[in-house]
Amino acid sequence: MDKFMALAIEEAKATKAEGGSPFGAALVRGGVVIGRGRNLMIQNNDPLSHGEMEAIKAAGLQESYADTVLYTTAFPCLMCAGAIVRYQIPRVIIGASWEHSAPSRKFMSEHGIELEEWRLDECYLLVE
């Protein structure tokens, strides 16, 4: 498994251990992690604290996100997809996806985001 997806899974396991929703993400540029995050909705009582959003926030304001890759343990929701499109993160590598991911898949695809689904058992097991 890729080390960046392993990092996203580590984030998901950490939030699950804290009683949170088991989703994690890492934003990478040129082989270097510039932001990592985990779902903190429950811990922070914040409906916007999804793993992808936390990873983007942790990276801080970048001049451009054009050369970044977002690794995420599960297919991004529409809210996170909006941030991905807004900041023009060109590639998203996804550990697990489900049928309800169709709207965000369509939205990101229509905006030229490259989606790579790995369908990893480790990511599916996190949500069981």
Side-chain angles (χ1 to χ4, degrees):
M1 176 185 318
D2 176 280
K3 67 181 179 181
F4 302 119
M5 183 59 76
L7 179 62
I9 291 170
E10 179 182 306
E11 289 289 335
K13 286 180 179 178
T15 195
K16 186 174 185 176
E18 298 166 355
S21 299
F23 305 106
L27 187 61
V28 177
R29 170 182 283 128
V32 176
V33 176
I34 62 170
R36 58 192 282 180
R38 57 182 161 214
N39 188 301
L40 295 171
M41 287 176 36
I42 293 169
Q43 297 94 313
N44 292 348
N45 190 33
D46 180 356
L48 304 180
S49 287
H50 291 201
E52 298 91 343
M53 301 294 270
E54 293 299 317
I56 294 167
K57 286 188 337 186
L61 189 59
Q62 302 288 309
E63 188 173 313
S64 171
Y65 297 82
D67 56 348
T68 62
V69 178
L70 181 65
Y71 290 77
T72 182
T73 58
F75 210 98
C77 70
L78 272 171
M79 176 183 70
C80 294
I84 291 163
V85 167
R86 164 63 179 91
Y87 293 106
Q88 300 175 358
I89 296 169
R91 185 170 177 223
V92 181
I93 298 176
I94 303 137
S97 64
W98 294 266
E99 285 185 28
H100 69 273
S101 305
S104 57
R105 176 183 288 112
K106 181 180 181 202
F107 177 72
M108 287 188 286
S109 294
E110 287 174 345
H111 287 86
I113 308 300
E114 178 187 344
L115 305 172
E116 187 175 327
E117 297 181 56
W118 287 359
R119 301 185 185 272
L120 300 171
D121 290 340
E122 297 92 334
C123 292
Y124 288 105
L125 290 172
L126 286 166
V127 297
E128 290 185 354

Problem set entry | Worked verdict on S97 versus Y124 for side-chain contact (heavy atoms from CB on, under 4.5 Å) | CA-CA 8 Å; S97 64; Y124 288 105; 4.2 Å; yes

Exercise. Could you go step by step and tell me if L70 and T68 meet the side-chain contact (heavy atoms from CB on, under 4.5 Å) rule?
Worked result: CA-CA 7 Å; L70 181 65; T68 62; over 6 Å; no

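Other residues, nucleotides and ligands place more than 12 heavy atoms under 6.0 Å from the CZ atom of F107. Residue-environment remark: CD (Q88) stays at or below the threshold of 12 foreign heavy atoms within 6.0 Å.
For the pair P90 and D67, the minimum side-chain heavy-atom distance is 4.5 Å or more. Counting heavy atoms from C-beta on, the side chains of E117 and F75 come closer than 4.5 Å. Inter-residue side-chain proximity for R91 and I113 is flagged as unmet; no heavy-atom pair is nearer than 4.5 Å.
Distance CE/M53 to CZ/F23: 15.5 Å, rounded to 0.5 Å. The CZ atom of R105 sits 11.5 Å away from the CG atom of L78 when rounded to the nearest 0.5 Å. Between the CE atom in M108 and the CD1 atom in I89 there is a gap of 10.0 Å [rounded to 0.5 Å]. In this structure, Q43 CD and N39 CG are separated by 7.0 Å, a value rounded to the nearest 0.5 Å. Note that the CE atom of M41 and the OG1 atom of T15 stand 10.0 Å from one another [nearest 0.5 Å]. Taking NZ of K3 as the reference point, atom OH of Y71 lies at 9.5 Å (rounded to 0.5 Å).
By the 4.0 Å N-to-carboxylate-O rule, E10 lies close enough to R36 to be salt-bridged with it.
With sequence neighbours excluded, the residues forming a side-chain contact (heavy atoms from CB on, under 4.5 Å) with E128 are L125, listed by chain and number.
None of K16, K13, E11, R38 except one satisfies the side-chain contact (heavy atoms from CB on, under 4.5 Å) rule with P22; the exception is K16.
Shortest non-hydrogen contact noted between A74 and E52 is O-OE2, 3.6 Å.
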